[in-house]
Amino acid sequence: FSSTCEVLDMRLERDIPLDGLRERLNETLPPGIQVLGIEQADERAPALQSQVASAEYQVELKEPLDPSELKRRVESALGSASILRERRGKKYDLRPLVESLEVLGDTIEMRLAAREGATGRPEEVLDVLGIAFEETRIERTRLIFRPLLSKGEIASGAFGTTPPAQ
């Protein structure tokens with residue numbers, strides 16, 4: 001897995017000015033990692049990770065599959081009323097966690113839900129499609145947050161980059 005969209009919430013021992021903080025942090029980070037934005041959050045707000053509603057992934061196939069066969073597999077998965085799976089000894093239905101699934105050439109784009117006690121995982125979807133996880137490159141491209149719940153809680157929205165058009 002790789003990701004072009006990560007979030008971090010942290011608590012500091014003291015207040016510091018936010019002006020110029022993004023630039024100062026970016027100067028110290030390794031190449032390829034950059035801070036895109038900084039916001040002050042209400043301490044009473046829930047942790048950001050707990051507010052993720054879904055995530056978008058782009059899966060690149062290392063070895064191309066027949067496009068019509070791949071589309072058939074995707075349509076079959078999306079047409080299923082349920083996709084029963086087992087993870088860590090617990091049975092669950094993967095189908096309601098797959099919000100979207102689309103084939104674009106040798107790439108599969110998917111949006112998977114993140115719910116209390118159930119999170120869609122791209123490797124599970126790939127397994128249903130008959131694609132070995134090791135034969136892909138998975139990148140999380142966007143996080144979608146739950147709507148703003150009340151004043152002072154996290155801002156709603158999405159974080160991530162839009163991959164360039166090919």
Side-chain angles (χ1 to χ4, degrees), residues 1-9 22 26 29-39 46-149 153-166:
F1 287 96
S2 64
S3 176
T4 57
C5 60
E6 294 296 325
V7 294
L8 167 72
D9 56 351
R22 182 178 64 85
N26 282 332
L29 292 170
I33 298 177
Q34 65 177 333
V35 175
L36 300 176
I38 295 177
E39 296 179 28
L48 279 176
Q49 189 60 37
S50 71
Q51 296 306 301
V52 174
S54 56
E56 292 181 355
Y57 298 88
Q58 191 171 55
V59 180
E60 189 178 303
L61 303 176
K62 292 179 183 176
E63 295 293 324
L65 293 174
D66 175 49
S68 60
E69 173 61 17
L70 185 54
K71 287 183 180 184
R72 186 198 63 73
R73 293 179 194 182
V74 165
E75 289 168 4
S76 175
L78 290 174
S80 298
S82 67
I83 302 172
L84 298 178
R85 305 286 297 172
E86 187 173 326
R87 185 184 313 142
R88 290 187 232 134
K90 291 185 180 180
K91 293 184 190 287
Y92 72 99
D93 186 1
L94 177 63
R95 180 59 190 96
L97 301 175
V98 179
E99 295 178 355
S100 68
L101 189 58
E102 185 177 0
V103 177
L104 301 169
D106 293 334
T107 301
I108 301 169
E109 292 187 353
M110 56 181 84
R111 179 184 286 187
L112 306 176
R115 299 183 183 152
E116 183 83 24
T119 299
R121 296 178 185 261
E123 67 271 22
E124 295 278 339
V125 175
L126 291 171
D127 188 53
V128 167
L129 297 176
I131 300 169
F133 165 76
E134 299 80 18
E135 298 299 318
T136 65
R137 182 180 171 279
I138 301 172
E139 182 168 54
R140 186 170 65 192
T141 57
R142 187 171 177 220
L143 293 172
I144 296 99
F145 290 89
R146 288 177 177 72
L148 189 64
L149 300 174
E153 290 191 357
I154 70 160
S156 64
F159 291 90
T161 60
T162 303
Q166 297 187 11

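All heavy atoms count here, side chains included; hydrogens, waters and symmetry mates do not. Owing to the predicted nature of the structure, the values given are computational and were not obtained by experimental measurement.
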Is any side-chain heavy atom of [X] less than 4.5 Å from a side-chain heavy atom of [Y]?
X: Ile83; Y: Leu97; result: no
X: Glu56; Y: Ile144; result: yes
X: Val52; Y: Val7; result: no
X: Thr119; Y: Leu112; result: no
X: Val103; Y: Pro67; result: no

To the nearest 0.5 Å, how far apart are [atom1] in [X] and [atom2] in [Y]?
X: Glu139; Y: Glu109; atom1: CD; atom2: CD; value: 11.0 Å
X: Glu123; Y: Glu134; atom1: CD; atom2: CD; value: 10.0 Å
X: Leu94; Y: Arg87; atom1: CG; atom2: CZ; value: 8.0 Å
X: Cys5; Y: Tyr57; atom1: SG; atom2: OH; value: 8.5 Å
X: Gln58; Y: Arg142; atom1: CD; atom2: CZ; value: 13.5 Å

Strictly below 4.0 Å, N to O, side chains only: are Glu69 and Arg73 in salt-bridge contact?
yes
Under a 3.5 Å distance rule, please check whether Arg95 uses its side chain to pair with a backbone N or O of Val98 as donor and acceptor.
yes
Could you tell me whether a side-chain N or O of Arg111 sits under 3.5 Å from a main-chain N or O of Leu101, the two making a donor and an acceptor?
no
Heavy-atom pair with the smallest gap, counting every atom of [X] and [Y]:
X: Ala77; Y: Val128; value: CB-CG1, 4.2 Å
X: Asp106; Y: Pro64; value: OD1-CB, 3.5 Å
X: Phe133; Y: Leu126; value: CA-CD1, 4.4 Å
X: Ala113; Y: Ser54; value: CA-CB, 3.9 Å
X: Ala81; Y: Asp93; value: O-OD2, 4.1 Å

May I have the step-by-step check of side-chain contact (heavy atoms from CB on, under 4.5 Å) for Arg137 and Ser2, ending in yes or no?
CA-CA 8 Å; Arg137 182 180 171 279; Ser2 64; 3.7 Å; yes
Can you sort out the partners of [X] under salt bridge (Lys or Arg N to Asp or Glu O under 4.0 Å), two or more places apart, ordered by chain and number?
X: Arg85; value: Glu124, Asp127
X: Arg140; value: Glu6
X: Lys91; value: Glu86

Test side-chain contact (heavy atoms from CB on, under 4.5 Å) on Leu8 and Val35; report intermediate values, then the result.
CA-CA 10 Å; Leu8 167 72; Val35 175; over 6 Å; no
Dump the intermediate steps for side-chain contact (heavy atoms from CB on, under 4.5 Å) on Leu61 and Ile108, then the final yes or no.
CA-CA 8 Å; Leu61 303 176; Ile108 301 169; 4.3 Å; yes
If you count heavy atoms of other groups shown closer than 6.0 angstrom to NZ of Lys71, is the number above 12?
no
